[in-house]
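Below, chain A is the first sequence line, B the second, and so on; all start at residue 1. Values below: every heavy atom of this structure, side chains too, minus hydrogens, waters and symmetry copies.
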2 protein chains.
Amino acid sequence: MSPTHEPRWLTPEELRAWLRLQAVVELLPATLDAQLGRDSGLTHYEYLLLAMLSETPGRTLRMSQLASATNATLPRLSHVVKRLEARGLVTRHPCTDDRRATLARLTDAGWDTVVASAPGHVETVRRHVMDVLTPAQVEQLSTIAAAVGRSLDPEGRLYALTGD
Amino acid sequence: MSPTHEPRWLTPEELRAWLRLQAVVELLPATLDAQLGRDSGLTHYEYLLLAMLSETPGRTLRMSQLASATNATLPRLSHVVKRLEARGLVTRHPCTDDRRATLARLTDAGWDTVVASAPGHVETVRRHVMDVLTPAQVEQLSTIAAAVGRSLDPEGRLYALTGD
DNA sequence: GCGGGGTTGTTGTAGAATCAACTACCTGCC
DNA sequence: GGCAGGTAGTTGATTCTACAACAACCCCGC
């Protein structure tokens, strides 16, 4: 921090927007985790991981790619994949091209889990987000989240932002 | 994904908005935690807690009120306050009116911590959120976050949504 | 006043995220 | 060839969170 630099405070409108955003950021993961945990025994992050693999040709991705795709750090991903492997939802294979790399592949059981979990998860997203917004607001949200996401991830390696 | 019966799936626009929102929800807390932890030795949640107390007349709040104000559960709050008390930033007092209740009060050291941390925190919020949006988008965000927040917290006991 | 039922808050513990090493590997350069 | 420096991933220790049980207390009806 530069100590002599006077910070620009937030305007009342900005402060209100910030407090509301903060509430969403705090409550949304808790809500998703609760629904997925109750109905499918999955964490929100675990679901996201499996879903990303399920949408990839070959259902296989390098750890580093999977980390980017799920907005996570490599250490975190490593632990989660290890747990999912122990549960038989994912397998790990060494990569022949680059022997440092590890490939994570979705098993049939993992696929079945995603397929079984998706409807309930989508329904939750719909109820708490999409259904309370107008189509115009969904577009606004998309634009706003893209802008904020870019500033949070300057390297722009996020899968989720594909389509800019 | 091809389950036999999909409920109401997301449209392409909704899916894109959802993936982007998901990225923000994942990355924003990490960014705030990193900045506050590095510069002030605080968690984002700890900062929020101290900030809420600092804005209250008497710098004192009941645990249950503080939990609502920070969008947290009571058990979580209890643990965090215990840690902050051990660090001398907060004190706990029994409430004379209702002897079940506990009052949390910000100490002078806690106040100093908030004052010292606020500029860096605000600067981070500004850089990653406000400065990448137009004033109109800030208003849109405010409206959208309020709607989503209400659906996530049906009982509407959130401090953060005050001002609807 | 005295139980029953609903609050208010704390604690213990088990699960998950974070951070800092550390290993193994690749690439480029001498 | 062999070494320096960077990349990929894993592991272990610590910290934080969530969930469930629990204790203390208020309030209301009788």
Side-chain angles (χ1 to χ4, degrees), chain A residues 25-38 40-49 60-87 89-105 155 157, chain B residues 25-38 41-49 60-87 90-105 155 157:
Chain A
V25 164
E26 191 73 40
L27 295 176
L28 192 49
T31 301
L32 297 172
D33 275 336
Q35 184 272 321
L36 280 169
R38 180 165 24 80
S40 311
L42 289 175
T43 297
H44 176 215
Y45 179 73
E46 290 171 343
Y47 173 83
L48 179 61
L49 190 163
T60 302
L61 231 38
R62 284 181 61 150
M63 293 294 281
S64 50
Q65 291 173 357
L66 191 50
S68 294
T70 56
N71 310 315
T73 60
L74 219 26
R76 178 183 183 186
L77 178 67
S78 185
H79 280 131
V80 174
V81 167
K82 184 199 275 185
R83 289 195 296 259
L84 291 176
E85 188 175 33
R87 292 165 59 183
L89 304 181
V90 159
T91 53
R92 280 189 290 191
H93 310 273
C95 176
T96 53
D97 296 359
D98 183 343
R99 283 190 315 197
R100 295 171 300 181
T102 302
L103 301 176
R105 175 156 46 207
E155 294 121 22
R157 42 190 178 65
Chain B
V25 164
E26 191 74 40
L27 294 176
L28 191 49
T31 301
L32 297 173
D33 274 337
Q35 184 272 320
L36 279 169
R38 181 165 23 81
L42 290 175
T43 297
H44 176 216
Y45 179 74
E46 290 171 342
Y47 173 84
L48 180 60
L49 191 163
T60 302
L61 232 37
R62 285 180 60 151
M63 293 293 281
S64 51
Q65 293 173 359
L66 192 49
S68 294
T70 56
N71 310 315
T73 60
L74 219 26
R76 178 185 183 186
L77 177 67
S78 185
H79 281 131
V80 174
V81 167
K82 183 198 275 186
R83 290 194 294 260
L84 291 176
E85 189 176 32
R87 292 164 59 181
V90 160
T91 53
R92 279 189 291 189
H93 310 274
C95 177
T96 53
D97 297 358
D98 184 342
R99 284 190 315 197
R100 294 171 299 182
T102 302
L103 301 176
R105 176 154 49 207
E155 293 121 22
R157 44 190 177 63

Check your understanding: NZ of B:K82 to NE2 of B:H79: how many Å apart, nearest 0.5 Å?
Key -> 5.5 Å
Practice item. May I have the distance from B:D97 (atom CG) to D:dC27 (atom P), rounded to whole angstrom? Key: 10 Å
Point to revise | Distance in angstrom units between A:N71 CG and C:dT18 P, rounded | key: 12 Å
Review point. Looking at side-chain heavy atoms only, is the closest gap between A:L36 and A:T43 below 4.5 Å?
Key: no
Check your understanding: Is there side-chain contact between A:Q35 and A:H44, with heavy atoms separated by less than 4.5 Å?
Key -> no
Check your understanding: Quick one: CZ on A:R76 to CG on A:L49, what's the gap to the nearest 0.5 Å?
Key -> 9.5 Å
Exercise for review: Rounded to the nearest angstrom, tell me the gap between atom NE2 in B:H44 and atom C1' in D:dT17.
Suggested key: 16 Å
**Study point:** Selection from C:dT11, C:dA17, D:dT11 that lies nearest to any side-chain heavy atom of B:H79
**Key:** C:dT11
Review point. Nucleotide by nucleotide, 5' to 3', does protein get under 4.0 Å of the base (B), only the sugar-phosphate (S), or neither (-) in nucleotides 4-10 of chain D, counting heavy atoms?
Key: --BBSBB
Check your understanding: In whole angstroms, how far is the P atom of C:dA17 from the CD atom of A:E46?
Key -> 7 Å
**Study point:** Side-chain N,O (B:R83) to OP1/OP2 (D:dC16) below 4.0 Å
**Key:** yes
Point to revise | B:Y45 and B:L77, any side-chain heavy atoms less than 4.5 Å apart | key: yes
